[in-house]
Visitor: 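Before we start, here is the structure in question, set down as C-alpha cells.
All values reported here derive from a predicted model rather than from experimental measurement.
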Amino acid sequence: MTDLPLSGVRVIDAVPGVLGAVGRLLGELGADVIRIEPSGGGADRTAGATVSGVSLSFVAANLGKRATTIDLPDDHDRLLALAREADILLEAGLEGLDDAALRAAAPMLIQVSVSDLGTRGPWRDWQASDAVLQALTGGLSRSGLPGRPPLLPPGQLALETAGPQIAVAALAAFIRRVRTGEGERVDVSLLEAGMQALDPGFGLSGSAQSGVPLWKMPRSRTDERHRYPILPCADGFVRLCILAPRQWRAMHQWMGEPEAFAGPEWDRLMTRMTSPDLLPAITRFFADKERSAIEEEAARRGIPAAAVLDAGEAVRTAQMTARRAFVPVEIAPGRSLPFPDGTIEIDGARAGLRGPAPAAGGDARFAGERPSFDTPPAADYPLAGIRVLDMGVIVVGGETGRLFADLGADVVKVENGAFPDGQRQSLDDAPVSLTFAAGHRNKRGLSIDLRADRGKQLFLDLVRQADVLLSNFKPGTLASLGFDEDALSAVNPRLITVDSSAFGPTGPWSRRLGYGPLVRASAGLSRQWVYPDDPDAFCDTVTVYPDHVAARIGTLAALSLLIRRMRTGKGGTASVSQAEVMLGHMAADIARRAAEGAGVPVEKGEPVENWLLPCAGEDEWCVLTLRGAADRAALATLTGGADRAAAEGWARTMAPDAAAVALQGAGVPAGMMVRVVELPDSPGYRALGTFREASHPLVPTAFQVEGPIAHFQHVPEPEQRPAPRIGEDSAEILRDWLGLSDDAIAPLLTDKIIEQAA
C-alpha cells in the first residue's frame with residue numbers, strides 16, 4: 001500500500017466554492033483535511049447544479065474531507081484549539097477570525113490567506129468571479145475571433161488553475177517551517193494565481209509561438225486557428241499539430257505526395273501556416289474518413305492528431321476507462337455519479353479518492369500521532385540546497401523546473417546541442433528567445449551526450465547527488481536511454497522523480513504524442529470553447545492550458561514527496577496526466593451530464609450570468625457577473641434596468657475601467673478587459689508588485705517577468721539570474737555536484753561528452 005506523502009499533515013480548510021479543491025488536493029496526497037463551516041453548512045453546498053439536493057461542484061471540491069461546525073465569532077476558542085493542532089490553515093477572508101489571537105495561539109501555523117484581487121491597491125475591495133479574472137488577467141483579450149466579441153472560456157478555468165498554485169505555496173511554506181521552526185503567513189490573490197497558473201502572458205508559451213511572447217501579439221484578436229487546425233471529417237472533427245518537418249513529411253506522404261506541396265519550403269512551419277491552400281487540401285483528404293480511423297493512421301505514421309470529443313465521450317475513451325480516471329461516488333443515499341479518482345499517481349498508484357464529500361454538521365477533530373521529520377539545515381528559501389535535474393521541455397517541463405528554482409533549489413537544465421529545448425527557437429533566430437529567457441530564469445545549464453556510454457555514466461553520477469529529477473517526455477523515453485525507475489532508484493534510493501505526460505504513463509494512449517492542443521481536443525475542452533451561436537468556430541488555439549497548471553500539480557507532487565522523505569528517508573515517484581488534470585476541472589459538469597444521461601433529475605438553481613458590455617473605444621469591453629437577485633437589483637439601480645440592453649446602453653459611452661469601477665462600487669463583480677501588454681502597468685498589478693523587470697546578457701532590452709507565486713511573510717522573493725545558454729554551466733556543475741577537477745573535466749569536453757558554452 002502506498003505511503004501517501006502528506007500522511008500526518010493536518011489542514012483546516014475554510015475556503016469555500018471551487019477553491020475547496022486546494023484542500024482536496026492536499027487530502028488526496030494524504031493530509032487530514034477538516035472543512036470548517038457554520039451551522040447548517042456552507043452556502044456552496046447548494047450552489048450550481050444539484051442532484052438530490054447536493055451541489056455537484058461542492059462534491060468535486062470536497063471529496064475526502066471531514067467537516068466540523070464552527071460559528072464565528074462565538075466558537076473562536078474552538079477554532080483556536082483546532083489551529084493549535086493543525087499545520088496549515090486555508091482561509092479566504094474568514095469572517096470573524098481574529099488574526100492576532102490566531103498567531104498567538106498557533107505561532108507555528110502556516111496561514112494561507114486567499115483574497116480576490118489582493119490586499120492592497122485600488123482593486124483590493126473588488127469582488128472577483130472567474131469571468132472577472134479572465135478579463136483582468138489578459139485571457140479574455142486573446143479568446144475569440146476577429147470581428148466578433150471576445151469569448152469567455154468555458155468552465156471556471158482561472159479559479160481551477162489557481163487552486164494548485166495555492167497548494168504549492170502552502171507546502172513550500174510548510175517545508176520552510178520544518179527547516180526553521182517558524183510559522184508563516186502566505187497571502188495569495190486570485191488575480192495573480194489565476195494569471196500565472198492558467199496562461200501567463202509573460203512566461204512560457206506554446207511551440208507555435210516560436211519564441212514570440214504573448215505581449216508582442218497584435219492588440220486585437222487574430223484568427224489563430226491555423227496554428228493547431230481543427231478540420232471536419234466524416235463523423236465530426238479532428239485536430240492536427242504538425243510542427244516538425246518529419247511530421248509534415250509523413251502527412252504529405254499519407255496524402256499521396258501531392259506535387260503542390262512537394263517543395264522543400266513546405267518543411268517550414270511558417271510556409272504551412274500561411275498557405276491558403278494546404279488546409280483545404282487536407283480537409284478534402286479527410287472528408288470520407290472517420291475520426292477514429294484518422295487517429296489510428298496518424299499515430300502509425302507519427303503525425304500528431306486527435307479527435308475532437310465532447311466531455312462525455314472523453315470520459316468513456318479506452319484510455320480513461322483503462323486508467324479508472326473516474327469512479328462512482330455516492331453523493332446521497334443510493335445515488336452515485338462519476339468523479340475523478342484523484343489527480344496524481346504516487347509510486348505507481350493513484351493518490352485517489354479517500355472518501356465522499358462530508359455531510360454538514362460534523363464534529364471532526366485531528367487524531368493520531370504527529371510525524372517527526374529529519375530536519376534539513378535552516379534556510380530562508382524552502383528549497384535551498386535541493387538539487388534538481390531538470391530534463392523538462394517546452395512549457396510543462398520548463399515551468400516545473402522554474403518553480404523549483406524560484407523557491408531556492410539548484411536547478412540544472414539538462415540539454416544537448418543536438419536536441420535543444422523547443423522553447424529556444426525564435427522567429428528572428430535570436431540566441432535566446434524572450435519566452436525562454438522569462439521561463440527558465442534562475443537555472444543553470446548542462447549539455448551532456450546521453451547517447452554515449454560515458455555520458456550515461458556521468459548522468460548517473462549526477463543522479464546520485466540529486467534530490468529531484470523532472471521530465472515530461474513521452475512515457476518510456478527515459479527507460480529507452482537506460483534510466484528506468486529501477487536504475488535510478490538503485491543509484492539513489494532517496495531520489496524523487498516526477499514525470500508529466502499527455503495521457504499518463506499507462507493505458508492504450510500512453511505513447512500518444514502529447515501536445516496541449518491535442519489534449520484539449522481529446523479531453524472535451526475544445527468542443528466547449530466555441531461561440532454559442534457558432535459551435536464549429538473553435539477558439540482555444542492561443543491558450544497553452546493545461547501546461548502551466550500541470551506544472552504546478554507536478555511541483556505539488558514533488559514537494560509532498562520531499563516532505564515524505566523528511567519523514568521516512570526514502571524517495572519516490574509521481575506521475576501527472578495532463579488530460580486527467582483537465583477533466584478534473586470539468587468534474588462537476590461531467591457528473592451533471594452523467595446524471596442527465598441516466599434520467600436523474602438535476603436542479604440548476606439560480607443562474608449565474610456573465611455579460612460582456614461593449615464600451616467606448618475600439619474593441620473595448622467590460623465583463624460583469626450576476627450571481628442572483630441582489631446583483632440584478634444593484635445593476636438596475638446603476639444602469640436604469642436589469643436587462644442586458646439597459647446595461648449595454650449604459651456602458652457604451654464609458655471607458656471600460658470606469659464601467660468596472662462603477663459596477664464594483666455597486667457591489668456587482670466586474671472587470672475591464674485588459675490586454676497582455678497592459679498588465680504590468682495596470683494599477684492593481686502595480687500595487688501588488690506582480691511583475692518585475694528582468695534582463696539577459698543576450699537580450700538587448702529589459703523585459704517583464706511575473707513575480708513570486710505568493711506573498712510570503714518570511715520567504716524572500718525569487719532571485720533574477722538569467723536563463724542559461726545550452727551548456728553554459730557544464731563544467732561548474734561537475735565541480736559543484738561531483739567534485740571533479742579541471743583535469744578530469746577536460747577530456748569530457750574534448751570528447752564532447754559535455755559541452756561548455758563560450
Side-chain angles (χ1 to χ4, degrees), residues 9-24 26-27 31-47 54-55 57-58 61-62 64-120 124-129 159 162-163 166-167 169-170 173-174 183-190 357-367 627-628 630 667 669 710-711 713:
V9 176
R10 301 172 172 189
V11 179
I12 302 172
D13 184 355
V15 179
V18 173
L19 290 172
V22 180
R24 190 206 69 228
L26 299 178
D32 186 3
V33 182
I34 295 178
R35 171 185 162 98
I36 63 172
E37 56 187 347
S39 298
D44 55 349
R45 286 184 174 274
T46 55
V54 178
S55 164
S57 61
F58 173 84
N62 291 280
K65 300 178 187 177
R66 298 186 294 144
T68 193
T69 297
I70 290 183
D71 291 304
L72 294 178
D74 294 344
D75 292 337
H76 204 275
D77 287 345
R78 286 185 54 227
L79 174 60
L80 295 184
L82 196 63
R84 291 187 190 98
E85 299 297 319
D87 298 300
I88 298 170
L89 166 64
L90 307 169
E91 54 95 4
L94 183 59
E95 190 173 351
L97 176 64
D98 184 334
D99 274 337
L102 178 70
R103 287 193 295 272
M108 296 279 286
L109 187 69
I110 306 300
Q111 180 184 355
V112 181
S113 184
V114 182
S115 62
D116 280 5
L117 302 180
T119 57
R120 59 184 184 273
R124 65 183 180 276
D125 296 322
W126 285 18
Q127 300 178 75
S129 64
L159 293 172
I166 297 169
F174 179 82
E184 181 68 85
R185 166 72 181 249
V186 186
D187 286 313
V188 182
S189 74
L190 297 178
D363 188 25
R365 292 291 183 269
F366 296 117
R627 299 162 296 184
H711 299 280
Q713 182 181 2

Visitor: For Ser39, run the side chain to side chain donor-acceptor pair (under 3.5 Å) check against Thr69, Asp75, Asp71 and tell me which one passes.
Guide: Asp71
Visitor: With no hydrogens and no angle check, is any side-chain donor or acceptor of Gln127 less than 3.5 Å from a backbone partner on Gly667?
Guide: yes
Visitor: Which atoms form the tightest heavy-atom contact between Pro16 and Ala14, and what is the distance?
Guide: CD-O, 3.6 Å
Visitor: Applying ring-ring contact (aromatic ring centres under 6.0 Å, His included), can you list everything that pairs with Phe174, at least two apart in sequence or on another chain?
Guide: Phe373
Visitor: Of all heavy-atom pairs between Gly17 and Ala61, which one has the smallest distance, and what is that distance?
Guide: O-CB, 3.6 Å
Visitor: Before accepting this row, confirm whether a basic side-chain N of the pair Arg35/Asp44 lies closer than 4.0 Å to the acidic partner's carboxylate O.
Guide: yes
Visitor: Is the closest side-chain heavy-atom distance between Thr68 and Ile36 below 4.5 Å?
Guide: yes
Visitor: Return the minimal non-hydrogen interatomic distance between Ala360 and Gly41, and the atom names on each side.
Guide: CB-CA, 4.1 Å
Visitor: State the CG-CD1 distance between Asp363 and Ile70, to the nearest 0.5 angstrom.
Guide: 9.0 Å
Visitor: side-chain contact (heavy atoms from CB on, under 4.5 Å), that's the test. Do Leu117 and Ser189 meet it? Break it down for me.
Guide: CA-CA 5 Å; Leu117 302 180; Ser189 74; 5.9 Å; no
Visitor: Can you name the residues that form a side chain to side chain donor-acceptor pair (under 3.5 Å) with Asp116, not counting sequence neighbours?
Guide: none
Visitor: Under the side-chain contact (heavy atoms from CB on, under 4.5 Å) rule, what do Leu90 and Val114 come out as? Steps first, then yes or no, please.
Guide: CA-CA 8 Å; Leu90 307 169; Val114 182; over 6 Å; no
Visitor: Which of these passes side-chain contact (heavy atoms from CB on, under 4.5 Å) with Leu89: Val15, Leu109, Ile110?
Guide: Leu109
Visitor: What is the distance from atom CZ of Arg103 to atom CD of Gln111, rounded to the nearest 0.5 Å?
Guide: 7.0 Å
Visitor: Measure from the side-chain N and O atoms of Arg45 to the backbone N and O of Phe58, and report whether any donor-acceptor pair falls under 3.5 Å.
Guide: no
Visitor: How long is the span from the CZ atom in Arg124 to the OG atom in Ser115, to the nearest 0.5 Å?
Guide: 11.5 Å
Visitor: Is any side-chain heavy atom of Leu94 closer than 4.5 Å to a side-chain heavy atom of Leu79?
Guide: yes
Visitor: Look up atom CD1 in Ile12 and atom CG in Leu82, then write down how far apart they are to the nearest 0.5 Å.
Guide: 4.0 Å
Visitor: How many angstroms lie between CG in Leu190 and CD1 in Ile166, if you round to the nearest 0.5 Å?
Guide: 5.5 Å
Visitor: With a 4.0 Å cut-off, would you call Arg24 and Asp13 a salt bridge?
Guide: no
Visitor: Any idea which heavy atoms bring Arg120 and His711 closest together, and the distance?
Guide: NH2-CE1, 4.1 Å
Visitor: Measure the spacing between CZ of Arg84 and CZ of Phe366 and express it to the nearest 0.5 Å.
Guide: 13.5 Å
Visitor: Which heavy-atom pair separates Ala710 from Val186 by the least distance, and what is that distance?
Guide: CB-CG1, 3.6 Å
Visitor: Flag the pair Asn62 / Pro358 as yes when at least one side-chain heavy-atom distance between them is below 4.5 Å, and no otherwise.
Guide: yes
Visitor: Do you know which two heavy atoms are closest between Ala31 and Val11, and how far apart they sit?
Guide: CB-CG2, 4.0 Å
Visitor: State, with a plain yes or no, whether a side-chain heavy atom of Leu102 is found less than 4.5 Å away from one of Leu80.
Guide: yes
Visitor: Is a donor on one side and an acceptor on the other found under 3.5 Å between the side chain of Arg10 and the backbone of Glu85?
Guide: yes
